[in-house]
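Just so it is clear: chains get the letters A, B, ... in the order the sequence lines come, proteins before strands, and each one is counted from 1.
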Number of protein chains: 2
Amino acid sequence: MATIKDVAQRAGVSPSTASRAMHGSKIISKPTRDKVVKAARELNYAPDFNAQNLATKASNTIGVVLPVDHHEIFSNPFFLEMIRGINEVCSKNGSMTTLATGISSDELVHNIDVMIAQGHIRNFILLYSEKNDPVVARLNHFDVQYVVIGKPYQEVNKTSYVDNDNIQAGTDAAQYLLDRGHRRICFLYSDLTKMVQGDRMLGYQRAMMQQNLPNIMLEERFENHAAGVAALKTFFEQYPDVTGFVAVDDMMALKLQQVLHNDPEWKVKQFSLIGFNNSIFSDLAHPTLTSVAVFPQRLGEEAAKIAMADHPTDELSTAVIVPHQIVKRHSVHQIKSLK
Amino acid sequence: MATIKDVAQRAGVSPSTASRAMHGSKIISKPTRDKVVKAARELNYAPDFNAQNLATKASNTIGVVLPVDHHEIFSNPFFLEMIRGINEVCSKNGSMTTLATGISSDELVHNIDVMIAQGHIRNFILLYSEKNDPVVARLNHFDVQYVVIGKPYQEVNKTSYVDNDNIQAGTDAAQYLLDRGHRRICFLYSDLTKMVQGDRMLGYQRAMMQQNLPNIMLEERFENHAAGVAALKTFFEQYPDVTGFVAVDDMMALKLQQVLHNDPEWKVKQFSLIGFNNSIFSDLAHPTLTSVAVFPQRLGEEAAKIAMADHPTDELSTAVIVPHQIVKRHSVHQIKSLK
DNA sequence: CAAATTTATGCAATCGCTTGCAAAAGATTT
DNA sequence: AAATCTTTTGCAAGCGATTGCATAAATTTG
């Protein structure tokens with residue numbers, strides 16, 4: 001493994017000159033710089049990561065924090081995509097990424113404590129946003145920079161984040177059904193304490209209000225088939241003329257679809273469905289699911305860019321909104337022109 | 001940020017003594033060791049990662065390599081679980097994990113080259129196993145240790161790996177149907193060049209052969225609904241008395257189920273289905289899918305354990321087989337006792 | 001009780017790189 | 001041509017840990 005001394009020797013200069021040359025310092029004359037670069041290339045030199053960080057006291061790795069909750073992971077099959085996005089821009093900038101996980105909240109916090117104490121994390125990216133997150137508390141306490149993916153629950157103006165415009169996405173989804181002639185549209189969700197779900201609902205409501213149409217909401221987790229059937233039965237008694245559903249994510253949409261398709265009476269009615277996330281579920285459904293794509297990889301990329309920018313603590317935070325896009329498949333039907 | 005000097009000073013000893021004490025060296029007397037440990041705790045001391053690695057020349061981070069192929073990632077929603085498993089045992093052992101990803105094979109290899117050159121990766125874990133993998137070639141070339149998750153395609157005896165016993169899993173799945181009275185069972189797959197699929201098929205064949213029953217195979221990708229319907233139509237013409245399917249993974253099973261359920265004639269026949277991976281799809285299906293669980297987190301854990309063990313290159317490789325387990329749900333039915 | 005051992009501690013060099021400062025070389029001015 | 005100013009380079013001191021070797025303290029032995 002070649003060191004900077006080897007490079008220096010081969011180029012016939014001192015290590016300090018070599019170092020400066022490698023960093024493209026402009027106080028080094030062009031000829032020597034070239035000599036050094038050439039020597040470095042010949043020796044296949046790469047600066048030792050640890051030595052470099054030790055000397056500069058500026059670490060170059062980004063800590064990516066996964067949420068604790070298992071279920072959360074499963075229901076968001078795109079964590080990996082975010083990670084990939086992060087890693088993509090980090091490696092382009094010569095940074096590393098390292099993961100922080102934990103079985104429990106305590107363990108996660110502990111792991112993060114250690115990472116901070118070891119002092120080689122430049123800053124963190126949280127792949128989730130949660131109310132009263134102890135991790136956030138910890139990072140604030142140690143005054144460590146971080147950026148969250150998703151809308152921060154607190155200190156919104158002080159924390160950097162990247163997110164989709166979920167309200168707008170909700171509006172767009174509802175509008176998509178409205179544009180195809182639907183008038184009675186139901187918003188289906190499972191847990192309003194999640195800000196994503198709340199925001200998408202808000203967006204749906206906005207679209208409906210602008211058309212002077214009623215909000216029709218259904219909360220259901222589809223824990224099992226029977227429960228789903230029962231819930232829908234009650235629902236349709238109250239709202240017999242619903243023709244379309246905006247489901248808060250693809251998984252919900254798929255579950256709804258399963259229930260509707262397994263009932264002969266409901267099946268013939270050909271309800272229209274639109275989901276969110278453009279996940280693997282949307283391709284799996286039959287008919288395939290129209291869905292609002294949110295580009296998790298892009299979210300990761302943007303988060304990484306912010307993370308690499310290194311704001312001093314007193315500077316203003318950055319927020320980036322990643323656009324969404326409706327991916328048209330076959331689950332939404334045009335309503336025969338009524339009126 | 002406390003350094004070893006701070007600790008030493010507070011404990012009233014020299015840095016070297018402090019260092020030795022922290023490592024539990026037994027040439028340090030108990031009382032001073034206690035003093036040091038106490039001081040360290042009080043100062044919330046953790047050794048600087050970079051300094052430590054630089055001094056010991058022994059790095060402590062594990063590189064986790066994700067496959068290039070996007071599709072592979074999506075269709076295996078448990079990569080994250082493996083990563084979590086890896087990270088879990090690494091952080092318990094005071095190691096870090098860092099990721100290697102790439103949009104293309106070239107980029108991935110390049111990123112790995114850099115990581116190796118920077119010389120701070122202890123060794124690698126590949127989350128996949130692939131024929132003629134350029135990454136493997138690279139690692140071999142630099143003589144870097146690695147362990148793969150999945151069965152290695154080459155140098156099987158020389159490379160450490162952790163995997164399920166997919167052949168046995170295939171046998172168990174088929175046997176599960178056999179035990180419930182099924183006699184004509186079809187094995188459904190999509191791509192035999194993947195060793196997982198081939199192995200599961202082999203296992204299925206073994207079970208069938210032992211009962212002197214014919215192998216019935218169906219290759220189908222269910223790229224769209226119509227294609228699936230057509231394929232099954234042809235299939236049932238040839239094998240009208242099939243009652244059960246062993247699908248090579250849950251996604252295939254779910255797709256098959258969709259097709260079967262949307263045809264009134266097939267639907268009534270109540271085919272039995274079993275899948276693999278116990279993924280989120282198995283809970284999503286209706287009826288819920290019986291599936292062979294493979295415990296990806298465990299795979300990750302075992303891989304990490306091997307990775308942390310640091311074999312000298314000339315030592316024999318290690319292979320760990322993680323057990324599987326059938327998770328019973330509602331997609332398999334008992335056949336009325338015939339015979 | 002002095003000498004020889006054993007045990008516990010500290011000094012100082014080292015890992016590979018960066019960087020402030022001083023010295024050397026080159027260019028410019030008078 | 002000497003003096004001054006720039007531009008380039010090198011010396012040496014860190015960064016925070018570890019570790020071989022020497023020394024100091026404690027213990028045992030003659």
Side-chain angles (χ1 to χ4, degrees), chain A residues 1-37 39-40 43-61 94-96 114-122, chain B residues 1-37 39-40 43-61 94-96 114-122:
Chain A
M1 207 94 293
T3 76
I4 189 103
K5 281 185 193 167
D6 301 327
V7 174
Q9 189 170 9
R10 177 176 256 261
V13 298
S14 76
S16 38
T17 304
S19 171
R20 283 190 258 258
M22 291 301 294
H23 290 289
S25 166
K26 46 184 297 192
I27 69 167
I28 298 291
S29 70
K30 183 106 190 339
T32 44
R33 184 166 31 199
D34 290 347
K35 261 192 309 186
V36 171
V37 170
L43 292 175
N44 211 294
Y45 167 80
D48 181 280
F49 191 77
N50 297 123
Q52 195 166 46
N53 288 340
L54 179 58
T56 57
K57 298 182 69 58
S59 181
N60 225 1
T61 111
S95 286
M96 317 248 63
V114 172
M115 291 168 83
I116 295 176
Q118 286 176 330
H120 71 129
I121 304 290
R122 179 168 175 168
Chain B
M1 207 97 294
T3 75
I4 189 96
K5 283 184 191 166
D6 301 327
V7 174
Q9 188 171 7
R10 177 174 255 260
V13 298
S14 77
S16 38
T17 303
S19 172
R20 283 190 259 258
M22 290 302 293
H23 289 289
S25 166
K26 45 184 296 189
I27 70 166
I28 299 291
S29 69
K30 183 107 189 342
T32 44
R33 185 169 28 200
D34 290 347
K35 262 192 309 187
V36 171
V37 171
L43 292 175
N44 210 296
Y45 167 79
D48 182 279
F49 191 77
N50 297 123
Q52 196 166 47
N53 288 340
L54 178 58
T56 58
K57 297 183 71 57
S59 180
N60 224 2
T61 109
S95 285
M96 316 248 63
V114 173
M115 290 168 84
I116 295 176
Q118 287 176 329
H120 70 130
I121 303 291
R122 180 169 174 167

Please check the phosphate of [N] (OP1 and OP2 only) for any side-chain N or O of [X] closer than 4.0 Å.
X: Gln52(B); N: dT18(D); answer: yes
X: Ser14(B); N: dC11(C); answer: no
X: Thr56(B); N: dT18(D); answer: no
X: Lys57(B); N: dG16(C); answer: yes
X: Thr17(A); N: dG10(D); answer: yes
X: Ser29(B); N: dT9(C); answer: yes

side-chain contact (heavy atoms from CB on, under 4.5 Å) assessment of Ile28(A) paired with Thr17(A): CA-CA 7 Å; Ile28(A) 298 291; Thr17(A) 304; 3.8 Å; yes
Nucleotide nearest Ile27(A) (side chain, heavy atoms from C-beta), chosen from dC15(C), dG10(D), dT9(D):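 My answer, after comparing the listed nucleotides, is dT9(D).
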Salt-bridge contact Asp6(B)-Arg10(B) (side-chain N to carboxylate O under 4.0 Å):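 So Asp6(B) does not pair with Arg10(B) through a salt bridge.
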Closest approach of Ile116(B) to Met1(A) (non-hydrogen atoms, all atoms of both residues):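 Closest heavy-atom pair between Ile116(B) and Met1(A): O-SD, 4.3 Å.
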Touch class at under 4.0 angstrom, heavy-atom based, for Phe49(A) against every strand present: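 Nothing: the residue Phe49(A), judged by heavy atoms under 4.0 Å, touches no strand.
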Intermediate values then yes/no, side-chain contact (heavy atoms from CB on, under 4.5 Å), Phe49(A) and Asn53(B): CA-CA 10 Å; Phe49(A) 191 77; Asn53(B) 288 340; over 6 Å; no
